[in-house]
Amino acid sequence: MEHPLSIYNTLTRKKEQFVPLHEPHVGMYVCGPTVYGDAHLGHARPAITFDLLFRYLTHLGYKVRYVRNITDVGHLENDADEGEDKIAKKARLEQLEPMEVVQFYVNRYHKAMDDLNVLPPSIEPHASGHIIEQIEVVKEILDNGYAYVSEGSVYFDVERYNKDFKYGKLSGRNIEDMLNTTRELDGQQEKRKAIDFALWKNASPEHIMRWPSPWGNGFPGWHMECTAMGRKYLGETFDIHGGGMDLVFPHHECEIAQAVASCGHEAVRYWMHNNMITINGQKMGKSLGNFITLDEFFSGNHASLTQAYSPMTIRFFILQAHYRSTVDFSNEALQASEKGLQRLLEAAANLDKLTPSATSSVELGGLRAKCFEAMNDDLNSPIVISHLFDATRAINSVLAGQATISEADLAELKEVFKLFLFDILGIKPEQQAEGGNNEAYGKVVDMLLQMRIDAKANKDWAMADKIRNELTALGFEIKDTKDGFEWKLSK
RNA sequence: GGUUCCUUGGCCGAGUGGCUAGGCACCGGUCUGCAAAACCGUUUACGGCGGUUCGAAUCCGCCAGGAACCUCCA
């Protein structure tokens, strides 16, 4: 099997040829959402980035097991509610069972992902369903001497670990700097050093998410679930681990330490990180309170939005930037994406209207190869899209009767569009109208436009313009063609 | 303060030592009863100052501005 794909490995800070450990199988783990609120635009970025990777690896012929977790046990909050995790806090506020909160937001997350045409992962494990596995890893680390028990909690001994291995290799930190700069946090006296991190946390009496363990009732530490679940489903060593750049430190750094401390070697071969989405130049994030949820984008119901943006517009917007660049949100940028996407989808639809000629006057110029080349270069989706726009011009020229295309070239274009636009980039044509009475409704529009044709035949321009203007005002896009007319809903 | 990174035309956004990225917007033309869509064409660029080089937006240095992480975060 060839290995055409290069990906940027955060660990080495270089693009590397991707060669799976157990070809043709690929193991891929991506940090999923903490389900204590609705998914926002920031959550769409990794989901779409790694969906692109999942789709592409599959197209290259790999058999991919894609694991994306659901974090439903915690992560402590840093505000006044000391020691209470996010899910538990939300549950108390809403007087619900924690798992009820989890289920509610998982359902909504799935819906949003489905709208974005993000394929479901192969396995979507819940942290709460893998407490036993996590306890086992904690035990191993304790047995190997890289952790200590303190007041019912277990902490990772970073200094001890750093004597045998290097802590900080992923994020480029060294332990001396961190010992000097780590801030004092909420009186964690039970930790020996500020840089030590929790493997298992003792639960205070009011803490409602808790499980029995050898160290008392509690819950797993912040980074343990990915180590335990990645190993369970992908093995002690697997190919790809992905997530947002903001997880590089401490989350992924701690995962590396946990893996090495428990089984003596690293688990992950390629670390991949998507960059952030910014708003006014700043990261869009939960803690900054500057996020816009996906549902708000889809409905347009947010003060910062001048209109609604469809899921495909959001997807296309994200794919128009390379995944390692920040992408800045603005209404202008989103509107540009919306129009560009429409143009591409229109061209894709136009392919079925083209009549082939004996020869081509348009030059495809190795379109398919160029698209593969771009994908192989660390998933350069913006370049793929630019090639598709080039093809769009060719398609429209033929449609306008200003160029010709051969049967073979037409077939090639159809295949390339299907392969790249729909299968790999994961764009799907958006539904034009909803409801069960589409046929009758369409016929009414046809009838109005037929009346307009009649008016035009009588040179009754006033009537012709009135029909067109009013339909336009209602959101229809009217085109006159040589045979009559075409229409569609403009959004 | 430490670590890492960024600064491209009106907006978004690729790229990279010499060859038009692309999209959106704008302008001119073709088409049209007029439009819309489409096609053709044009315009606007690589933060500042130095250096390396035959040649730098691309490499190096300094400066300015900005960001992420160092605390839950995609």
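Note that these values count all heavy atoms, side chains included, but never hydrogens, waters or copies made by symmetry. In the text below, chain A, chain B and the rest are named by the order of the sequence lines, each starting its count at 1. Keep in mind it's a predicted model, so treat the numbers as computed, not measured.
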Asks: Mind checking A:His387 for me? I need base, sugar-phosphate or nothing, with any heavy atom below 4.0 Å counting as a touch.
Replies: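 Nothing, no heavy atom under 4.0 Å.
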Asks: Could you please name the option among B:rG33, B:rG22, B:rA37 that lies closest to any side-chain atom of A:Ser386?
Replies: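 Closest nucleotide to the A:Ser386 side chain: B:rG22.
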Asks: Could one point to a donor on the side chain of A:Lys286 or the base of B:rC72 with an acceptor on the other under 3.5 Å away?
Replies: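 Between B:rC72 and A:Lys286, which were checked side chain against base, a qualifying N/O pair under 3.5 Å is absent.
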Asks: With sugar-phosphate meaning primed atoms plus P, OP1 and OP2, does A:Gln282 contact a base, only sugar-phosphate, or nothing at under 4.0 Å between heavy atoms?
Replies: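 Sugar-phosphate contact only.
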Asks: Below 4.0 angstrom, N of the basic side chain to O of the carboxylate: do A:Asp480 and A:Arg452 qualify?
Replies: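 Counted as a salt bridge, because a side-chain N and a carboxylate O are separated by less than 4.0 Å.
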Asks: For the pair made of CZ in A:Phe389 and P in B:rA25, what is the distance, rounded to whole Å?
Replies: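 Going from A:Phe389 (CZ) to B:rA25 (P), I get 11 Å.
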Asks: Can you find a donor-acceptor N/O pair under 3.5 angstrom joining the side chain of A:Arg324 to the base of B:rG15?
Replies: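 No.
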Asks: Over 60° means perpendicular and under 30° means parallel, so classify the ring planes of A:Tyr167 and A:Tyr161, tilted if in between.
Replies: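 Geometry flag for A:Tyr167 against A:Tyr161: perpendicular rings.
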Asks: What is the distance, to the nearest angstrom, from the CG atom on A:Asn275 to the C1' atom on B:rC5?
Replies: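 After rounding, the reported distance stands at 9 Å.
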Asks: In the structure shown, which nucleotide is the Watson-Crick or G-U wobble counterpart of B:rA14, with both distances under 3.5 Å?
Replies: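 Checking every strand shown, B:rA14 finds no partner, since no pair has both distances under 3.5 Å.
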Asks: Across the strands shown, which category fits A:Asn380 at heavy-atom distances under 4.0 angstrom: base, sugar-phosphate, nothing?
Replies: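 Counting heavy atoms under 4.0 Å across all strands, the contact made by A:Asn380 is with sugar-phosphate only.
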Asks: Mind checking if A:Asp480 touches a base, just sugar-phosphate, or nothing, with heavy atoms under 4.0 Å?
Replies: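 Result for A:Asp480 = base.
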Asks: Looking at every strand, decide which applies to A:Arg343 at a 4.0 Å heavy-atom threshold: base, sugar-phosphate, or nothing.
Replies: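 Sugar-phosphate, backbone atoms only, no base.
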Asks: Give me the one residue out of A:Phe249, A:Phe197, A:Tyr155 that meets ring pair (Phe, Tyr, Trp, His ring centres under 6.0 Å) with A:His223.
Replies: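 Option passing the ring pair (Phe, Tyr, Trp, His ring centres under 6.0 Å) with A:His223: A:Phe197.
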Asks: Taking the side chain from A:Asn9 and the backbone from A:Leu11, do they hold a donor-acceptor pair closer than 3.5 Å?
Replies: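 Yes; judged by distance alone, with no hydrogens or angles, the pair exists.
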Asks: What nucleotide, of B:rA38, B:rG13, B:rG22, holds the atom closest to the side chain of A:Arg393?
Replies: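 Nearest listed nucleotide: B:rG22.
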Asks: For A:Thr481, which contact category applies under a 4.0 Å heavy-atom criterion: base, sugar-phosphate, or nothing?
Replies: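 If one applies the 4.0 Å heavy-atom cut-off, A:Thr481 turns out to touch nothing in the nucleic acid.
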Asks: If you look at every strand shown and take non-hydrogen atoms under 4.0 Å, does A:Ile478 touch a base, only sugar-phosphate, or nothing?
Replies: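 Result for A:Ile478 = base.
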Asks: Ignoring the backbone of A:Lys339, work out which of B:rG15, B:rC40, B:rC24 is nearest its side chain.
Replies: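 Looking only at side-chain atoms, A:Lys339 lies closest to B:rC24.
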Asks: Do the side-chain N or O atoms of A:Asn396 get closer than 4.0 angstrom to the phosphate oxygens (OP1, OP2) of B:rA37?
Replies: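 Negative; the distance criterion is not met.
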Asks: Could you work out the separation of B:rC72 and B:rC63 based on their C1' atoms and round it to a whole Å?
Replies: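 Rounded to whole Å, the distance is 36 Å.
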Asks: With heavy atoms under 4.0 Å as the rule, sort A:Ser325 into base, sugar-phosphate or nothing.
Replies: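 A:Ser325: backbone/sugar contact only, no base atoms under 4.0 Å.
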Asks: Say you pick atom P in B:rC11 and the same atom in B:rG17; how far apart are they, in whole Å?
Replies: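 After rounding to an integer number of Å, I get 27 Å for this pair.
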Asks: Between B:rC26 and B:rG41, how far is it from one C1' atom to the other, in whole Å?
Replies: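 14 Å, rounded to whole Å.
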Asks: For the P atoms, the ones on B:rC27 and on B:rA35, what distance do you get once it is rounded to whole angstrom?
Replies: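 Those two atoms are separated by 14 Å.
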Asks: Is the side chain of A:Asn117 donor-acceptor paired with the backbone N or O of A:Gly426 at a distance under 3.5 Å, no angle test?
Replies: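 Yes, A:Asn117 side chain to A:Gly426 backbone: donor-acceptor pair under 3.5 Å.
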Asks: Students often get this wrong, so: under 4.0 angstrom with heavy atoms, is A:Asp328 touching a base, only sugar-phosphate, or nothing?
Replies: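 Since only primed, P, OP1 and OP2 atoms lie under 4.0 Å of A:Asp328, the category is sugar-phosphate.
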